[in-house]
Amino acid sequence: MKKNIYLLLPALAAMFLMGCGKQKTLVSNNFAVSPTPLEYIAGDVPATISINVPAKVMNKKAVIACTPVLKWDGGAAAGESFTIQGEKVEANNTIISYKNGGHATMRFSVPFQEGMEKSELFMQFNARKGNKVIKMPTVKIGYGTQCTAALITKTAKTANFGVAPDNFQRVISQKQEAAVKFLIGQANLRGSELNSKNVQDFIATLKNIKSDEQSLVLNNIEVSAYASPDGAYAMNEKLAEKRGEVSENYVNQQLKKAQLSTNVDSKYTAEDWEGFQELVSQSNLQDKEIIIRVLSMYQDPEQREREIRNVAVVYKELADAVLPELRRARMVINYDVIGRSDDAILALIDGDVSKLSVEELIYAANILVSADAKKEAIFKKAVELYPNDYRAYNNLGELSMKKGDFDNAQYYFRQALGVNANAAEPNVNMGMIAIQNSQFKDAEMYIAKGVDANNFDEALGHLYVAQGKYNQATAKMMKSSNNSAALANILSQDYADALKMLNNIKNPDAMTYYLRAVLAARMEKTDEVKEHLAKAIALDPTLAKRAANDAEFSDYNK
């Protein structure tokens with residue numbers, strides 16, 4: 001019997017080792033990485049890694065920490081570890097069955113660094129069975145990094161920067177108003193009213209129009225006369241009409257004195273209930289809500305007056321504070337201020353520039369001159385004469401961007417924000433510079449303040465590319481024809497629109513041809529890849545190194 005037992009022990013031990021023996025190694029085929037190759041997105045290199053462990057591989061008592069590591073020439077970056085365990089381990093990691101195998105998913109992300117363009121993704125293991133370390137070889141699971149989206153930091157340099165607009169108007173409509181009040185039941189113009197400041201300003205405006213008829217054009221004068229809504233309607237109608245007549249006669253007298261001629265459009269309102277309601281609403285009358293309610297309930301003017309008189313205490317306040325303000329006539333001069341002609345503005349640009357307003361200066365630089373050097377000189381004069389206006393600073397920054405002087409551009413944009421921290425154009429422009437510097441959080445903060453900027457949509461499109469929101473980017477840049485818009489369409493895989501935009505670029509540069517090469521590679525047009533790369537590198541030799549490491553051209557760099 002003992003002999004049989006001794007013979008059975010080796011067999012049991014063998015069975016035990018088969019079920020709980022050594023941990024088998026994990027190999028490249030046990031991992032799937034998406035995307036492949038890895039891609040630069042919003043300043044990072046992210047990926048999803050699927051772990052597929054076959055049956056009878058995971059030891060029941062083993063714990064394996066899997067750490068993805070991206071390696072490139074001169075550097076390495078490790079992602080967060082993910083741990084799997086056998087079914088007999090008492091821990092809270094993902095359990096993989098020995099009998100059936102299992103599946104797990106882990107996330108990988110590291111900040112992008114220069115050199116990652118040509119890199120390889122490895123999985124390293126830290127495996128244990130109890131206190132015993134299990135050696136498992138590192139395996140390669142992916143490669144990359146495709147950095148096409150990172151080109152937004154370069155294409156942003158030649159994108160459209162916001163130009164602050166002028167508010168110049170050749171013709172500006174103006175009004176000069178005067179009002180005279182009448183005593184109750186009367187229609188005569190009193191001297192105290194005619195000598196008031198607003199009437200004297202009215203007369204002075206007529207004289208000014210006469211003295212400068214080239215710059216000031218009289219259109220017409222409106223006269224509106226009113227009676228307060230107390231008393232009989234028929235009497236109030238006659239009173240308002242008479243007040244209109246005497247006011248119109250007074251206006252005609254002043255026109256004659258000023259030697260001017262124009263239409264005098266006169267009208268009268270028998271009972272000014274509208275003005276009455278407005279004054280009551282603005283007053284501090286104790287029962288004003290009752291009065292307003294009466295006005296809404298009754299349309300007949302005499303019934304309205306009766307109901308209001310019933311509120312005896314309030315009516316006395318009305319008679320003292322509100323009704324006298326309604327016994328009046330309004331006289332309004334409508335005239336136009338005619339600005340300088342383009343020729344006159346340009347003459348002063350080359351002469352006594354100090355006579356020009358800030359609007360005329362910015363208008364001249366934005367619209368009337370085409371040479372950037374001339375624009376710059378005008379904007380600098382505007383800064384000198386009007387240092388508290390942000391627009392000239394901003395537009396000097398935009399000109400600096402066109403010249404490739406990024407430091408000077410940033411200086412001017414900051415000067416603009418120093419004058420007006422909430423100005424739309426310099427905020428958006430600072431956001432565009434932040435994108436060039438891969439400072440995407442700063443870019444988001446700046447661009448959010450520039451909703452009214454004329455390049456807001458395009459700037460937002462750049463931000464969306466930087467954030468990896470490619471479809472949203474193409475929607476915002478659909479009206480643009482520049483490198484950035486083409487890049488957005490390439491990234492969203494809308495190759496037809498990308499090609500149209502590249503074809504519409506009037507002055508293609510090195511980046512235009514580089515993007516053409518990327519597009520050709522994606523469309524598997526080998527000859528065009530070589531042709532466009534050659535043109536790009538001829539214009540910018542530094543692109544040769546990038547192209548050699550670019551995952552977009554991996555099939556062409558073998």
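When reading the values below, keep in mind they use all heavy atoms of this one structure, side chains included, and skip hydrogens, waters and symmetry mates.
Every ring-ring contact (aromatic ring centres under 6.0 Å, His included) that F168 has, sequence neighbours left out, goes to Y363. Scored by the salt bridge (Lys or Arg N to Asp or Glu O under 4.0 Å) test, E398 finds no partners at all (sequence neighbours excluded).
No side-chain heavy atom of D494 sits under 4.5 Å from any side-chain heavy atom of T474. Proximity of T83 to Q85: side-chain heavy atoms (C-beta onward) are nowhere separated by under 4.5 Å. Within the 4.5 Å cutoff, the side chain of N483 has no heavy atoms near those of the L487 side chain. Using a 4.5 Å cut-off on side-chain heavy atoms (C-beta onward), N408 and Y412 make contact. By the 4.5 Å heavy-atom criterion applied to side chains, T542 and R546 are not counted as neighbours. Under the 4.5 Å side-chain criterion, counting only non-hydrogen atoms from C-beta, F553 is in contact with V518. A 4.5 Å side-chain heavy-atom check between D509 and N507 finds every atom pair outside the cut-off. Using a 4.5 Å heavy-atom cutoff, the side chains of D389 and N420 are not in contact.
Of the possible polar contacts, one joining the N429 side chain to the G162 backbone as a donor-acceptor pair under 3.5 Å is found. In this structure, the side chain of N482 does not engage the main chain of I505 through any donor-acceptor pair within 3.5 Å. Using modelled atom types, no side-chain atom of D212 and backbone atom of N208 make a donor-acceptor pair closer than 3.5 Å. The main-chain N or O of A164 is found under 3.5 Å from a side-chain atom of N366 such that the two form a donor-acceptor pair. Judged by distance alone, the side chain of S28 and the main-chain N or O of K140 form a donor-acceptor pair under 3.5 Å. Proximity of a side-chain donor or acceptor of N30 to a complementary backbone N or O of P54 within less than 3.5 Å is not detected. Side chain of N489 to main chain of A485: a donor-acceptor pair is present (N/O by atom type, distance under 3.5 Å, no hydrogens or angles). Judged by distance alone, the side chain of N503 and the main-chain N or O of L499 form a donor-acceptor pair under 3.5 Å.
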Side chain to side chain contact (heavy atoms under 4.5 Å, CB included) between R414 and M430, intermediate numbers included:
CA-CA 8 Å; R414 284 179 173 158; M430 283 296 290; 3.7 Å; yes
Between Y470 and Q472, does a side chain to side chain contact (heavy atoms under 4.5 Å, CB included) hold up when you go through it step by step?
CA-CA 5 Å; Y470 305 136; Q472 290 167 268; over 6 Å; no
Would H462 and K476 count as a side chain to side chain contact (heavy atoms under 4.5 Å, CB included) here? Give the steps.
CA-CA 9 Å; H462 280 77; K476 287 298 179 182; over 6 Å; no
Kindly indicate, with the supporting measurements, whether the criterion side-chain hydrogen bond (donor to acceptor under 3.5 Å, both in side chains) is fulfilled by T262 and N220.
CA-CA 5 Å; T262 192; N220 74 325; over 6 Å; no
Is there a side-chain hydrogen bond (donor to acceptor under 3.5 Å, both in side chains) between N334 and E222 once you walk through the steps?
CA-CA 8 Å; N334 294 305; E222 300 173 32; 2.7 Å; yes
Set out, in order, the CA-CA distance, both residues' side-chain angles and the distance that settles side chain to side chain contact (heavy atoms under 4.5 Å, CB included) for N93 and I84, then state yes or no.
CA-CA 6 Å; N93 306 303; I84 57 177; 6.0 Å; no
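Note that CG of L463 and CD1 of I435 are 5.0 Å apart. Values are rounded to the nearest 0.5 Å. The distance from the CG atom of L38 to the CG atom of L121 is 5.5 Å, given to the nearest 0.5 Å. The OG atom of S357 lies 9.0 Å from the CD1 atom of I362; values are rounded to the nearest 0.5 Å. Going from atom NZ of K154 over to atom CG of D540 covers 8.0 Å, rounded to the nearest 0.5 Å. Taken from CZ in F161 to CE in M432, the straight-line distance is 4.5 Å, to the nearest 0.5 Å. The structure places CG of L218 at 10.0 Å from OH of Y335, a figure rounded to the nearest 0.5 Å.
A parallel orientation is assigned to the rings of H532 and Y513, their planes being inclined by less than 30° (bins at 30° and 60°).
The two atoms that bring F82 and T105 nearest to each other are CE1-O, 3.8 Å, heavy atoms only. The minimum heavy-atom distance linking D352 with S354 is given by the pair OD1-OG, 2.5 Å. Taking each heavy atom of G450 and F456 in turn, the nearest pair found is O-CD1, 3.2 Å. What you find for F413 and P426 is that their closest heavy atoms are O-CB, 3.9 Å. Across V353 and L361, no two heavy atoms sit closer than the pair CG2-CD2, 3.5 Å. Here the closest non-hydrogen pair linking I345 and L356 is O-CD1, 3.9 Å.
Residue pairs meeting the side-chain hydrogen bond (donor to acceptor under 3.5 Å, both in side chains) criterion with at least one partner in residues 69-81, sequence neighbours excluded, are T67-S81. Counting only residues at least two apart or in different chains, salt bridge (Lys or Arg N to Asp or Glu O under 4.0 Å) contacts with residues 355-380 comprise R340-E360, D350-K374, E359-R391, D372-K402, E376-K380, E376-K403.
For the 3.5 Å distance criterion, the side chains of N160 and E458 qualify, holding a donor opposite an acceptor. In the model, E425 has a side-chain atom that pairs as donor or acceptor with a side-chain atom of Y390 under 3.5 Å. Checked by atom type, the side-chain pair Y514/D550 shows a donor-acceptor distance below 3.5 Å.
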Show me, pair by pair, the donor-acceptor contacts under 3.5 angstrom made by side chains of residues 39-52, not counting sequence neighbours?
unit_1	atom_1	unit_2	atom_2	d
Y40	OH	G43	N	3.4
T48	OG1	R107	NH1	2.6
N52	OD1	H103	ND1	2.7

Distance-only criterion, 3.5 Å: show the donor-acceptor pairs between side-chain atoms of residues 141-153 and protein atoms not counting sequence neighbours.
unit_1	atom_1	unit_2	atom_2	d
T145	OG1	M116	O	3.1
T145	OG1	S119	OG	3.4
Q146	OE1	R522	NH2	3.1
T148	OG1	E552	OE2	2.5
T153	OG1	A150	O	2.9

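A salt bridge links R170 to D342: at least one charged side-chain nitrogen sits closer than 4.0 Å to a carboxylate oxygen.
When the shell of 6.0 Å around CZ of F406 is examined, it contains more than 12 heavy atoms from other residues, nucleotides or ligands. Counting heavy atoms of neighbouring residues, nucleotides and ligands inside a 6.0 Å radius, atom CE of M523 exceeds 12 of them.
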